[in-house]
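What follows is one structure encoded as structure tokens, with my remarks underneath.
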Amino acid sequence: MARPTSAAARGLRVLKPSADFQRQARLSGLAAYKRLHAESLRAPDTFWRRMAEEHVVWRKPFHEVLRWKPPHAKWFVGGSLNVAENCLDRHLGTNRENQAAIIFEGEPGDVRTLTYRQLHAEVCRAAHVLENLGVGKGDRVAIYLPMIPEAVVAMLACARLGAIHTVVFGGFSPDSLKDRINGCHAKLLITADGGWRRGKIVELKSAADKALEHTPSVQAVLVVKRTAQAVTMRSGRDIWWTEALAGAPNSHRAKAFGSEHPLFILYTSGSTGKPKGVLHTSAGYLLGAKLSSRYVFDLKDNDRYFCSADIGWITGHSYVVYGLMSNGATVFLYEGAPNQPGPDRFWEMIDRHGLTILYTAPTAIRAFMRWGDEHVLRHRLDSLRLLGSVGEPINPEAWHWYHRLVGKGRCPIVDTWWQTETGSIMITPLPGATPLKPGSATLPFFGVAPRVVDERGREVGPDQDGKLVITRPWPSMLRTLWGDDERYRRTYFGEYGEHPDWYFTGDGARRDKDGYFWIIGRIDDVLNISGHRIGTAEVESALVAHPAVAEAAAVGKPDDLKGQSLVVFVTLKQAAVATDELREQLRAHVAREIGALARPDQVRFAPALPKTRSGKIMRRILKDIAAGKPVVGDVTTMEDVTVIAALQDAC
Ligand code: 7RM
């Protein structure tokens, strides 16, 4: 039986789109959404043909919409295009030409604007430089840069040449960089001397130099000067970006590439083993990113859009670069930390630049809550019209805070569910159309056919927990894992023998009576306590609803009696004090909110939780710690490895 949790109960308040928002929305009214979604599933060929013709600039038209030999899909067969041309050249000669493509602000406060014309010129110059270094179609290029305009330029220059980029987040260690370069045998590395983070320099070049001792495929290194401290330049290998670009022409004739030509590889951590190189290709990916950006963010010409995700994450690829720029949007790019120089940096920038859309992650929202309301309240935030969330289930507590404090009750929140593998947003509200339920990612995007099923693939009833699968291919789906098609098959299409065409997401979910999806989290994170299935997210959501708690992570510890016992790790708000009394209060609080079966066996106060670079809690590490085992497995994606020792000491 389904247990209606208090989190779900709190979420039952439905927020209809306001008349003001609806009046100006690209898609207003649930009926309009339902009509389009139904068509996209009833006649996918017609639907996708129309979308692809309308939204993609083709060099050569495609003759077949989809060729599907599970688990391999080919979209828009026979067509050719240039993805960079789709993001840049198409805007030249239109009134977008002199509109800002990028408004950049560095952490120290330096501001730089590039119009579409200027960005085009930079990308053309970079494309020439890459070509002169011998980079061409199908070659791999690693990009290891801070969040600066050159990161966008580098990606689009690769796309222009048909080279495959692999962006490695600037916070990764030399070892992680090395593994990713070697994973795809990159020929060129594009990096910088450093980047700014919390007032300090992140030494990218010296980290890269360490990695480069063990990367025989790399022939040349382009180095952007950002922080200007002394770095070692190895002659014959290292070249300053600015010097190289200075002599290059600012126009470039772009070649066309087939629809299925690889666009990028993005490494993402599996729960065990080495990171997976998710491969995305050109036309389908571009269409997915473009269409979803337009409808989910309700993009308009005068929007100034801010996505706080780093470019080294899929969100940066799809919703900073490809989706936004193919739409000709103005993107605000920020280099640094959200609390530098103070905890109100985002709010201050939103006011100063008149930003209209903010897309961020629940982990960031919970940090803002922890830092205190006063930092938000000091700013007007009246330019904002739409808010977005991605990366984790957003707990209703954080949802309401975001809605009230940041959105002033005026801005819809799009809670967008998707994955590195899906390439673009899959389950999401459309802000002028979808009534919102806090904590639910709501309904599927066009062409997306999700289902919640049990172990045997049978659809479960309303409000029942199950596994989330996608039962049809969609244009922006991953095509394989680089160099390991077998792992691709096994991981994503091997779950249900009878349905070799179902994509397995690895997430648990339930669907309510209105068809709304509630994502519970990774299936590996579901606990089984005395035979009761409890989602870690439910327990965590209950904990963070307590006034003393900033963040929480729940894990199971092997238990002879119960199967698993429940251990929770908790970080406290600044004003709260860790006492045994509070520990008891929290146990009672969870029992009250969810039920006695979810009363934590152990509450451990921690200075910080282990997270990935993109802010997701790494529960498998906490599982090892709870069980008193040494931490094993891949920690290369971890934000701060010193957290492990601190947790092992904490009690
Ligand atoms: C975009 C991104 C994917 C995993 C996914 C989920 C979780 C992401 C939401 C979410 C609940 C959301 N790519 N996830 N968005 N869970 N609600 N709106 O995050 O590859 O890094 O992660 O993230 O578990 O499977 S990702």
Side-chain angles (χ1 to χ4, degrees), residues 7-8 11 167 169 265-271 275-280 288-289 292-293 296 307-320 322-323 359-366 387-396 398-399 402 413-429 434 436-445 448 450 452 467-470 476-478 481 491-492 503-511 516-526 535-538 540-541 611-620 637-639:
V167 182
F169 174 63
I265 301 165
L266 187 57
Y267 284 92
T268 179
S269 59
S271 52
K276 301 178 280 198
V278 170
L279 181 74
H280 282 288
S292 55
S293 300
V296 176
C307 167
S308 69
D310 193 274
I311 235 149
W313 189 26
I314 188 67
T315 306
H317 285 56
S318 302
Y319 300 110
V320 174
Y322 294 108
Y359 191 35
T360 191
T363 179
I365 297 167
R366 288 191 295 264
L387 304 174
S389 171
V390 59
E392 280 182 288
I394 178 167
N395 49 297
W399 198 101
Y402 196 28
I413 298 178
V414 287
D415 174 359
T416 60
W417 177 86
W418 60 296
Q419 306 175 302
T420 304
E421 292 86 344
T422 68
S424 61
I425 294 170
M426 301 290 276
I427 302 181
T428 178
T434 316
L436 305 176
K437 299 187 190 185
S440 169
T442 77
L443 300 169
F445 190 63
V448 177
V452 181
K467 301 180 178 188
L468 182 67
V469 296
I470 314 289
S476 68
M477 66 190 285
L478 81 164
L481 294 176
T491 310
Y492 304 110
Y503 170 83
F504 177 62
T505 66
D507 278 353
R510 51 180 167 255
R511 199 173 189 183
Y516 276 45
F517 287 86
W518 296 77
I519 311 296
I520 303 167
R522 305 298 300 163
I523 283 164
D524 333 332
D525 293 341
V526 174
T536 53
E538 293 178 66
E540 290 157 11
S541 180
K611 290 191 188 166
T612 63
R613 307 279 173 179
S614 59
K616 293 191 219 302
I617 296 169
M618 297 175 83
R619 291 186 188 74
R620 66 188 161 81
T637 57
M638 201 169 164
E639 187 192 15

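The figures that follow rest on heavy atoms only: side chains count, while hydrogens, waters and symmetry mates do not. Just so you know, ligand 1 is whichever comes first in the structure, and atom 1 is the first atom listed for that ligand. Predicted model only: the values in this text are computed from it and were never measured.
Rounding to the nearest 0.5 Å places CZ of Phe504 at 4.0 Å from CD1 of Ile523. To the nearest 0.5 Å, the span separating CD1 on Ile425 from OG1 on Thr315 amounts to 8.0 Å.
Using a 4.0 Å cut-off to heavy atoms of Arg522, the atoms of ligand 1 that qualify are 24 (O), 25 (O). The atoms of ligand 1 that sit less than 4.0 Å from any heavy atom of Asp507 are 5 (C), 6 (C), 24 (O), 25 (O). Using a 4.0 Å cut-off to heavy atoms of Thr416, the atoms of ligand 1 that qualify are 9 (C), 12 (C), 15 (N), 18 (N). Residue Val390 approaches ligand 1 through these ligand atoms, each under 4.0 Å from one of its heavy atoms: 1 (C). Every atom of ligand 1 is numbered from 1 in the order shown, and the set under 4.0 Å from a heavy atom of Asp415 is 12 (C), 17 (N), 18 (N). Counting atoms of ligand 1 from 1 in the listed order, those under 4.0 Å from a heavy atom of Thr315 are 1 (C). The atoms of ligand 1 that sit less than 4.0 Å from any heavy atom of Ile519 are 11 (C), 16 (N).
No side-chain N or O of Thr422 forms a donor-acceptor pair with one of Tyr503 less than 3.5 Å apart. With 3.5 Å as the limit, one finds a donor-acceptor pair spanning the side chains of Tyr359 and Thr416. At a cut-off of 3.5 Å, with distance as the only test, a side-chain donor of Lys611 or Thr363 sits close to an acceptor on the other residue.
Atom 21 (O) of ligand 1 has its closest protein heavy atom at Trp313 NE1, 3.0 Å. Scanning the protein for heavy atoms near atom 2 (C) of ligand 1, the closest one is Trp418 O, 3.7 Å.
Residue Gly391 places a heavy atom under 4.0 Å from ligand 1.
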Arg366 and Glu392: CA distance, side-chain angles, deciding distance, salt bridge (charged side-chain N to carboxylate O under 4.0 Å, His left out) verdict: CA-CA 12 Å; Arg366 288 191 295 264; Glu392 280 182 288; 3.1 Å; yes

Derivation and outcome, side-chain contact (heavy atoms from CB on, under 4.5 Å), residues Tyr516 and Leu443: CA-CA 6 Å; Tyr516 276 45; Leu443 300 169; 3.8 Å; yes

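By the criterion of a heavy-atom distance under 4.0 Å, both the backbone and the side chain of Pro393 are placed next to ligand 1.
With Met426, Lys616, Glu392 as candidates, the residue nearest to atom 17 (N) of ligand 1 on a non-hydrogen basis is Glu392.
The shortest N or O to N or O distance between Thr420 and ligand 1 is under 3.5 Å.
With contacts defined as side-chain heavy-atom distances shorter than 4.5 Å, the pair Met426/Phe445 does not qualify.
For Ser424 against Ser476, the heavy-atom pair with the smallest separation is OG-OG, 2.7 Å.
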